[in-house]
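We use all heavy atoms of the structure for the numbers below, so side chains are in, but hydrogens, waters and symmetry mates are not. Indexing begins at 1, ligand by ligand and atom by atom, following the structure's order.
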Amino acid sequence: MGASNSIVNPFCSFLILGLLLLFANAVPLENAKTHYHDFVVQATKVKRLCKTHNTITVNGQFPGPTLEVNNGDTLVVNVVNRARYNVTIHWHGIRQMRTAWADGPEFVTQCPIRPGGSYTYRFTIEGQEGTLWWHAHSSWLRATVYGGLIILPKEGTSYPFPKPKRETPLLLGEWWDANPIDVVREATRTGAAPNVSDAYTINGQPGDLYKCSSKDTVIVPVDSGETNLIRVINAGLNQQLFFTIANHKLTVVGADASYLKPFTTSVIMLGPGQTTDVLITADQPPARYYIAARAYASAQGAPFDNTTTTAILEYKTAPCPAKGSSTTPISPSLPAYNDTNTSTAFTTSLRSPQKAPVPSDIDENLLFTVGLGLINCPSGTRARNCQGPNGTRFTASMNNVSFVLPSNFSLLQAHQQGIPGVFTTDFPAAPPVKFDYTGNVSQSLWQPVKGTKVYKLKYGARVQLVLQGTSIFTAENHPIHLHGYDFYIIAEGFGNFNPKTDTAKFNLVDPPMRNTASVPVNGWAAIRFVADNPGTNN
Ligand SMILES: *[C@@H]1O[C@H](CO)[C@@H](O)[C@H](O)[C@H]1NC(C)=O
Ligand SMILES: *[C@@H]1O[C@H](CO)[C@@H](O)[C@H](O)[C@H]1NC(C)=O
Ligand SMILES: *[C@@H]1O[C@H](CO)[C@@H](O)[C@H](O)[C@H]1NC(C)=O
Ligand SMILES: *[C@@H]1O[C@H](CO)[C@@H](O)[C@H](O)[C@H]1NC(C)=O
Ligand SMILES: *[C@@H]1O[C@H](CO)[C@@H](O)[C@H](O)[C@H]1NC(C)=O
Ligand SMILES: *[C@@H]1O[C@H](CO)[C@@H](O)[C@H](O)[C@H]1NC(C)=O
Ligand SMILES: *[C@@H]1O[C@H](CO)[C@@H](O)[C@H](O)[C@H]1NC(C)=O
Ligand SMILES: *[C@@H]1O[C@H](CO)[C@@H](O)[C@H](O)[C@H]1NC(C)=O
Ligand SMILES: *[C@@H]1O[C@H](CO)[C@@H](O)[C@H](O)[C@H]1NC(C)=O
């Protein structure tokens with residue numbers, strides 16, 4: 001695995017290399033459709049927080065277009081790069097069975113599309129229904145280059161819940177009052193953590209609580225009595241978010257394009273990359289209610305964006321505000337920023353709708369640590385390039401490897417064509433040094449090694465992977481996304497995973513299926529999947 005990269009690339013992730021060759025594309029189902037889209041990546045003037053930026057967008061839209069398909073359909077998206085940066089597009093959560101080269105992460109499955117270039121992504125959605133999204137997968141372009149990807153039930157079938165009256169995607173984002181590429185380049189240059197965002201957004205709008213924003217606050221209309229589906233997507237780069245709607249219960253019915261056993265809650269938590277589908281019933285007195293999201297910030301002492309983004313749930317029969325009077329929408333209460341209990345209560349409530357085919361016999365039993373690291377600056381480094389804590393450079397790692405992207409071939413191409421020297425296959429199956437991962441970690445362990453290492457899996461292998469958070473420098477909740485796969489989250493817990501006692505917590509009956517796990521702060525998450533999708537998946 002090419003494990004996690006630097007702190008500036010938080011979809012830290014691991015890389016699995018299938019051993020089989022790729023198959024020819026499957027023949028689409030008879031009534032399945034093929035949808036063609038053109039995405040022109042271009043600079044567009046976007047004004048937020050009183051300031052206009054030359055923002056990189058798709059087709060001049062911020063956020064970009066939300067695509068809608070049925071399960072079984074094929075998408076063909078021709079991406080034309082008219083921006084001044086390299087770009088690729090990742091279809092977050094799409095399984096990409098036998099189409100690994102359409103997945104998108106730069107230098108993993110493809111070389112980036114250069115300015116002036118183009119690339120056509122073609123893939124079929126197989127057996128997935130619900131809410132996903134797409135985003136740029138090159139540097140920090142995804143701060144503004146993203147949109148929803150909604151997968152409706154297969155033609156002729158319906159939801160496993162009563163058909164909602166309306167459906168509304170709500171994409172939560174992070175906005176920098178700067179060029180996001182400058183923000184990440186500054187962090188790379190100085191070695192410090194990147195600047196936190198200046199606003200969160202809902203469908204691109206910060207909402208009433210920010211300067212110069214309230215006239216554009218997103219309105220979500222409802223009629224008394226109806227039940228609507230809200231598709232919540234955390235399209236932010238770095239920040240876990242709590243999401244709630246004042247006075248309304250949320251009935252959770254899906255996450256990451258897999259259905260869930262419905263349950264009711266007042267607040268949900270989404271890590272970056274995660275989606276959650278909720279039903280809401282308009283059963284309150286006709287009025288205007290705030291929809292709100294703000295940080296779940298689990299790292300102690302680390303700076304974070306503590307602002308709150310809002311949209312408005314507006315009953316059609318709500319009394320019109322009298323001229324000149326300010327009728328502020330009804331506000332929800334949000335959990336405290338560091339309310340790990342609320343986050344845990346939510347993530348441990350998720351269940352598959354019925355008994356799930358969780359692999360029971362395991363061929364590969366893996367333990368990967370995930371966390372921060374601090375790299376000592378080589379002697380002679382200028383102080384301005386060494387601005388991490390105590391004169392170091394910030395990084396992140398898995399099993400003590402800080403992933404370095406190749407710069408001349410993609411991993412998939414190097415694998416397919418047998419090009420040596422691009423990656424090595426010695427990513428460790430377990431931490432090279434065992435220590436008290438969540439304790440007071442000795443500083444002699446803080447410095448990872450850099451490498452482009454992958455872990456090889458045999459086609460068909462049944463894999464258990466325990467993701468173990470570390471408290472190196474500081475502990476925090478880490479979003480871990482696996483490309484090209486959904487996996488069952490069979491358990492999570494705090495402290496160090498104990499294989500003798502914690503297996504008792506495993507839910508092998510109806511665990512939730514997701515594509516992105518939130519590894520608890522100072523804790524662990526155990527996932528299982530079958531390696532049935534050849535390619536390089538990070
Ligand atoms: C852009 O992509 C090309 C390969 O497609 C690569 O050679 C070049 O280094 C990339 N540029 C940057 C700034 O990453
Ligand atoms: C990051 O934040 C610092 C402090 O507020 C500011 O001086 C700097 O310009 C910011 N960097 C970018 C790239 O916006
Ligand atoms: C957010 O943080 C700033 C300091 O960075 C502080 O002044 C402010 O009170 C905080 N706001 C909230 C709502 O916590
Ligand atoms: C959460 O933050 C509050 C102050 O903002 C602090 O008093 C409390 O101890 C923190 N709780 C945890 C679990 O860190
Ligand atoms: C969080 O949960 C733990 C364990 O259930 C409990 O001891 C603690 O009091 C809770 N903290 C808060 C702030 O609710
Ligand atoms: C800072 O660096 C010094 C010298 O390398 C070391 O002795 C000290 O423990 C470090 N402190 C922290 C908080 O990292
Ligand atoms: C480019 O690829 C070759 C393999 O052909 C490898 O040996 C070399 O180290 C790579 N160069 C860089 C700069 O990554
Ligand atoms: C962690 O360990 C270091 C070195 O052993 C010690 O100096 C420090 O006080 C310890 N910190 C805590 C919070 O226990
Ligand atoms: C990571 O590897 C470096 C270099 O071998 C070593 O100094 C460090 O202690 C290791 N840390 C861990 C957590 O394994």
Side-chain angles (χ1 to χ4, degrees), residues 6-9 46 48-56 84-85 139-144 173-200 206-211 213 236-244 267 290 292-310 328 331-339 342 371-374 376 383-390 392-394 433 435-447 469-476 495-496 521-522:
S6 69
I7 185 160
V8 296
N9 193 354
V46 174
R48 293 292 183 277
L49 309 180
C50 324
K51 206 163 130 194
T52 303
H53 292 274
N54 235 350
T55 298
I56 306 300
R84 61 191 172 102
Y85 306 107
S139 184
W140 269 24
L141 287 178
R142 71 177 185 276
T144 57
E174 283 185 88
W175 178 264
W176 277 262
D177 194 21
N179 178 346
I181 304 296
D182 292 345
V183 174
V184 70
R185 284 188 180 161
E186 180 182 71
T188 308
R189 190 175 64 245
T190 63
N195 284 0
V196 300
S197 57
D198 297 294
Y200 300 109
D208 289 0
L209 308 183
Y210 298 85
K211 59 186 177 183
S213 302
L237 274 84
N238 305 322
Q239 190 58 59
Q240 288 79 2
L241 294 167
F242 288 121
F243 172 94
T244 190
V267 60
Y290 271 132
R294 75 173 189 188
Y296 162 47
S298 56
Q300 255 185 6
F304 66 98
D305 174 356
N306 65 3
T307 63
T308 303
T309 181
T310 56
T328 309
S331 285
S333 64
L334 276 152
Y337 299 112
N338 61 359
D339 190 346
T342 292
L372 300 178
L374 297 181
N376 294 332
R384 63 166 194 260
N385 299 331
C386 201
Q387 291 182 31
N390 200 20
T392 59
R393 294 178 58 84
F394 248 123
V433 179
F435 56 98
D436 178 4
Y437 308 113
T438 51
N440 181 7
V441 182
S442 157
Q443 290 199 8
S444 66
L445 295 169
W446 283 19
Q447 190 165 204
T470 75
S471 53
I472 291 175
F473 185 65
T474 184
E476 63 182 323
N496 300 334
V521 51
N522 257 322

The reported gap from CZ in Arg48 to CG in Asp177 (rounded to nearest 0.5 angstrom) is 12.0 Å
Near Tyr337 (heavy-atom distance under 4.0 Å), the atoms of ligand 3 are 12 (C), 13 (C), 14 (O)
Here the atoms of ligand 2 under 4.0 Å from any heavy atom belonging to Ala178 are 14 (O)
Report yes if Asp182 has an N/O atom closer than 3.5 Å to an N/O atom of ligand 2; otherwise report no. no
Closest non-hydrogen atoms of Asp305 and Asp198, given as atom of the first, atom of the second and distance, are OD2-C, 3.6 Å
Between Trp140 and Trp176, how do the two ring planes meet: parallel, tilted or perpendicular, split at 30° and 60°? tilted
- request: State whether a side-chain donor-acceptor pair under 3.5 Å links Tyr210 with Thr307.
  value: yes
**Report entry** Sub-4.0 Å protein heavy atom near atom 14 (O) of ligand 3
**Finding:** yes
Between Thr310 and Asp208: side-chain donor-acceptor atoms closer than 3.5 Å: no
- prompt: Just to confirm, does any protein heavy atom lie below 4.0 Å from atom 4 (C) of ligand 3?
  reply: no
What orientation do Tyr296 and Phe242 show, parallel under 30°, tilted 30 to 60°, or perpendicular over 60°?
tilted
re atom 6 (C) of ligand 3, the protein heavy-atom contact at minimum distance is Asn306 ND2, 4.1 Å
Of all protein heavy atoms, the one nearest atom 12 (C) of ligand 2 is Asn195 ND2, 3.6 Å
among protein heavy atoms, the one nearest atom 1 (C) of ligand 8 is Asn440 ND2, 1.4 Å
When rounded to the nearest 0.5 Å, the distance separating CG of Leu209 from OH of Tyr200 is 13.5 Å
Query raised in the report: So, for atom 9 (O) of ligand 8, does the protein have a heavy atom nearer than 4.0 Å?
Result: no
